[in-house]
Each structure stands twice: as C-alpha cells, then as structure tokens.
Amino acid sequence: MNDINISLPKVILTFFSLPILPEIILTLSLVAIVIIDLLNREKNTILLYKIFLISTSISMGVLLYQWQILSVFQHFHTGNFNFNNIFRFFLLICSLLSVILSADYILCSKMALAESPSFELAAGLAGMVLSYANDLITIYVSLEFLALSSCFLSGYTKLDLRSNEASMKFLLMSGASSSLLLYGFSSLYGLSGGQLQLDAAVNGILFNRYAITIYLSAASIIAGTAFKLSLFPFHQWTPDVYEGSPTPVVAFFSVTSKVAAPALFTRLFGLIFPYLSNEWHIAVGLLATFSMILGNLIAVTQRSVKRMLAYPSISQIGYIMIGVLAADSENGYASMITYTFIYILMNLGTFARIIPFGLRTGTDNIRDYAGLYMKDPVLTFSPVLRSPSLGGIPPPSGFFGKLYLFWHGWKAGSYPSVPVALVTSVISIYYYLKIIKLMFTGKNGRSDTPITYRQNSLVSPSISISKSSLEIAMIIRALASTLSGILIDPIIEITRNTFF
C-alpha cells in the first residue's frame, strides 16, 4: 500500500510531464466537439465553444506547468526546448483569443456551428506540432494540416461567392507552395542518404559534392515557406483571401501564420543549411525588404479595411524576419519573439473592432467608418489606442517592439533591411491615422443615425448582437497594447533570460 502511495505522485508527475500532453488535450477536445455536434440535435453552440475554451485553457496551464517543472532540471533547460514551447504557447493564445472573437459572429450569422471551433482547433494543433517537429515528414504533414484547416475556414460562409473564391485561391496557392516545399525536402532526403531527422540529414549531406543540388533544394524550400509567410513575390493570394474570408477567420490565420511559419523557418534553415548561411540570409533579406516596401505602399491605396490589413500583414512578416536574420539566440530571436507577442495583441485587437462593425453594417469599406465616433464611441476607442501601436507611434507597445527589433537587426548587420523598415513604418502611420481621422471628422453621406442593420448585413434584424464580449475584448486588448509598451523592459528581460 505504501509503495502505491509513493508511486502515485511519480505517475502523476510523469503524466503531466509528457511533452505532447497539450496536443493530446486538444485532440480529445476536437473529437468531443465532433461527436457532440453529431449527437446533439439542439446544436448547442455555447457548449461547443465552452469545450474549446476549457481545453485550450487547460493546454496552456499544462504547458506552463511543464515549463516550470522541467526547467528545474538542467538537462531539460535548453534553448531549443524553450524556443519550441514559446511558439506553442503563442499558438494557444491565438486560438483562445480568436474563438472569443468568432463566437458572436457565428451566432449572429446563423452559419454551421461545429465547423469553426473544429477547424480552429485542428489548425492550432497542427501549428503546435509544427513548432517542435524535428523530421521532414512531420514538418510537411503538420504544415499541410495547418494550410488545409485554414483553407476550409476561409470558405466557411458557403453561400458567399467571395468566400468560395478565397477558399479556392487559398487551396491552389497552398498546393503550389507545397509542391515546391516537397521537392526541396525530397532532395534533402536523397542527398543525406535517406535521413529524415533534421540533424541527421545535415550530417549526411556532402556539400562539396552536391553543391548545385543543395542550392536548388534551398531555393525550393525558401519559395515554399515564402508562400506560407506571404513574403514578396509569393504574396498574391493574401489580399484576395483576406477580403473574401469571414472576418474572424482572417483574424485567426493572420496571427497563426505569423507564429507557426517563423518558428519553422528559424529551425529549418538554422539546422539544415549552415553551409549556406550567407546565401539564404541575403535571399531572405531581399524578400523581407521588398515585402515591407510593397505591403505599406499598396496599403495606402486600399478602400476595403480587410484588404488594407492584408498588405500590412505582408510588411509585418518582413519586420519579423529581421529578427530571424539576426540569428542571435540572446537578442535577435528574443526581439523577434517579443515583437510577435506584441503583434498578436495588436492585430487581434484590430479585428475585434472590425467584426462588430461588419456585423452591424454588412460592409468593410473604409469610407463607412466616417463619423463612427458619434455612433459608437466604444468602437472608436479601440483603434485610437491600437492603430498608433501598429504604425509604431510611441508610447504603445508597437513602437518599443519595433525599436528593439530594428536595433538588434542593425547590430546583426541587416543594414539594407533596417533603414527600409524604418521608412516603411513611417508610411504605415499614414493609413492607420487616416481611419482615425475619418472616424472623428468624416461625414458619411448615407446616414447620421446610430449604426443599425442594413439590408446586406449578415445579421437578421430580429437578432440582437451581444456587444459585451466583443467590447470587453476590444478594451482589454487596447489596454494590453498600451501597457505592454510601458512594461516593455521587463517583457524583454523575461524573454531573454527565460527562453534562452
């Protein structure tokens, strides 16, 4: 009996220390959502979303517990372990915040109930596996699982022709990028003598003997991952998919891709192509530079809010790649991780403002935001704090995140990219402040009455939109964007000392 009492805590500790336990919890919740939706004739949406929120919260708690317990042991406290887990934690944050934004949208638009949390869980699960995958097959399968889940989400509104078009473009472009990525992986597999593990593959490659093939493999992998990252010139699908997809879906995969893809890119090229360090740094630096230029310049001309946010997302991944190119485990990667965390708060907060406006008006045209201050002060409050942060105006967190990122990029030798990033950040201030000015000073010729349901809105006039959750989410994220800028030094210090 005493032996059982002694071994029980060890069994519990071993169970909670299981590295894939967060993914197991998400998988079980995904199965539960599907089964409940099939068996429950009343289609209780609230129950499905509660399962999503509870399982995601438990996974976050388990991941933090593993982080704390395993870090006590020196052989577990490695930079690679922490680097993988911080991106898994970010993906859980993205899933948790995104589903809060989508709950009211699904209820009001009367669309299918179980598909949204199911596909979001599947995409988040694939992104988490991708963050620590260490062999070519797992990387490819998890990346495709993430892409297909995002593709199905983009076509979520089946009766909307724009959503169908977005889903088709996403599927075709994703297939093209996957073929390039698979070609690069197959070349590595052959050159390494049939090795699948990343470290074993790089040890088995004879660089001097197969230099041309290795260059082709690196180029294919860069092109394939650039599609996933929306880097220039592989960004063409992004504006159309953003415009046609449901707004909560855009919010979800706009942040998810910014977390999962850089995690893959950093580990993939850092491990497999150490002999081509200068070459791939130059190639990716050029892609990031042109992405920053193109994204910000074209965003100025956009009339749709979702298309306008699509092009800054292209430039934002260019900013994040500056930290990846710095390749400094203490400062470069820490600056990239810090800015990624700030970007999650800023971007999801921006979509928290767009979603209720689109539901109530049925439009995403920028000119329809004219005079919004007189109609809905809460919707105006959020972008007043959030847009300057996205543009890099102090004191919100976006300014300090960019400053930290650009400074370490400059010290690492990214001399062409950092000046371009500074100039394009100034350009981005224009189109963010333009919306704020329009909300306070613009006059909408359609009506000066408070926001009501228009004929082309997704919401039936008999349905009242629950404003509380979205408005609370907007206020919390607006305050988080501001306070994280004030507390940027402790955040950076925690990132540097804890994760590396």
Count the heavy atoms belonging to other residues, nucleotides or ligands that lie under 6.0 Å from OH of Tyr140, then report whether that count exceeds 12.
->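 Counting other residues, nucleotides and ligands, OH of Tyr140 exceeds 12 neighbours.
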
Atom CE of Met60 with >12 non-hydrogen neighbours under 6.0 angstrom =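 Yes - once you tally the heavy atoms of other residues, nucleotides and ligands closer than 6.0 Å, there are more than 12.
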
Using a strict 4.0 Å threshold on nitrogen-to-oxygen distance, state whether Lys169 and Glu243 make a salt bridge.
-> no

Arg307/Asp240 salt bridge by N-O under 4.0 Å criterion = yes

Under the side chain to side chain contact (heavy atoms under 4.5 Å, CB included) criterion, do Leu92 and Arg88 qualify, and how do the steps go?
-> CA-CA 6 Å; Leu92 288 172; Arg88 293 168 72 194; 5.8 Å; no

Interatomic distance, [X] atom [atom1] to [Y] atom [atom2] [nearest 0.5 angstrom]:
X: Leu348; Y: Phe252; atom1: CG; atom2: CZ; answer: 10.0 Å
X: Ile320; Y: Leu405; atom1: CD1; atom2: CG; answer: 8.0 Å
X: Thr247; Y: Lys306; atom1: OG1; atom2: NZ; answer: 3.5 Å
X: Ile344; Y: Ile93; atom1: CD1; atom2: CD1; answer: 6.0 Å
X: Glu144; Y: Ser178; atom1: CD; atom2: OG; answer: 3.0 Å
X: Leu21; Y: Leu26; atom1: CG; atom2: CG; answer: 9.5 Å

So which atom in [X] and which in [Y] form the shortest heavy-atom distance, rounded to 0.1 Å?
X: Gly184; Y: Ser217; answer: O-OG, 2.9 Å
X: Met173; Y: Trp237; answer: CG-CB, 3.5 Å
X: Ser245; Y: Ser154; answer: OG-CB, 3.1 Å
X: Ala299; Y: Met308; answer: O-CG, 3.6 Å

Taking atom types as modelled and ignoring hydrogens, do the side chains of [X] and [Y] form a donor-acceptor contact shorter than 3.5 angstrom?
X: Ser55; Y: Ser29; answer: yes
X: Glu120; Y: Ser98; answer: no
X: Ser230; Y: Thr238; answer: yes

Report yes if some heavy atom in the side chain of [X] is under 4.5 Å from a heavy atom in the side chain of [Y]; otherwise report no.
X: Pro246; Y: Ser163; result: yes
X: Leu231; Y: Ile222; result: no
X: Ser57; Y: Leu96; result: yes
X: Tyr311; Y: Ser315; result: no
X: Met336; Y: Thr340; result: yes
X: Tyr432; Y: Ser428; result: yes
X: Ser174; Y: Phe227; result: no
X: Leu30; Y: Ser118; result: yes

Mind checking whether His235 and Phe232 have parallel, tilted or perpendicular rings, split at 30° and 60°?
-> parallel

Output, in order, the C-alpha distance, side-chain angles, deciding distance and verdict of side chain to side chain contact (heavy atoms under 4.5 Å, CB included) for Leu148 and Phe170.
-> CA-CA 9 Å; Leu148 287 175; Phe170 202 158; over 6 Å; no

Report yes or no: does Ser179 contribute a side-chain atom to a donor-acceptor pair with the main-chain N or O of Ala176 at less than 3.5 Å?
-> yes

Check: Ile139 main-chain N/O paired with Ser142 side-chain donor or acceptor under 3.5 Å | yes

Mind checking what makes ring pair (Phe, Tyr, Trp, His ring centres under 6.0 Å) contact with Tyr343, not counting sequence neighbours?
-> none

For Gln316, check side chain to side chain donor-acceptor pair (under 3.5 Å) against everything at least two apart and list the hits.
-> Tyr339

Would you list the atom pairs, donor with acceptor, under 3.5 Å between side chains in residues 128-137 and any protein atom, with sequence neighbours excluded?
from, atom 1, to, atom 2, distance (Å)
Ser131, OG, Gly127, O, 2.9
Asn134, ND2, Gln197, OE1, 3.3
Asp135, OD1, Ile137, N, 3.2
Asp135, OD1, Thr138, N, 2.9
Asp135, OD1, Thr138, OG1, 3.0
Asp135, OD2, Thr138, OG1, 2.7

Phe90 vs Val255, side chain to side chain contact (heavy atoms under 4.5 Å, CB included): CA-CA, chis, key distance, verdict | CA-CA 9 Å; Phe90 282 175; Val255 290; over 6 Å; no

Would you sort out whether Ser95 and Phe52 count as a side chain to side chain contact (heavy atoms under 4.5 Å, CB included), showing the intermediate values?
-> CA-CA 9 Å; Ser95 299; Phe52 185 106; 4.0 Å; yes

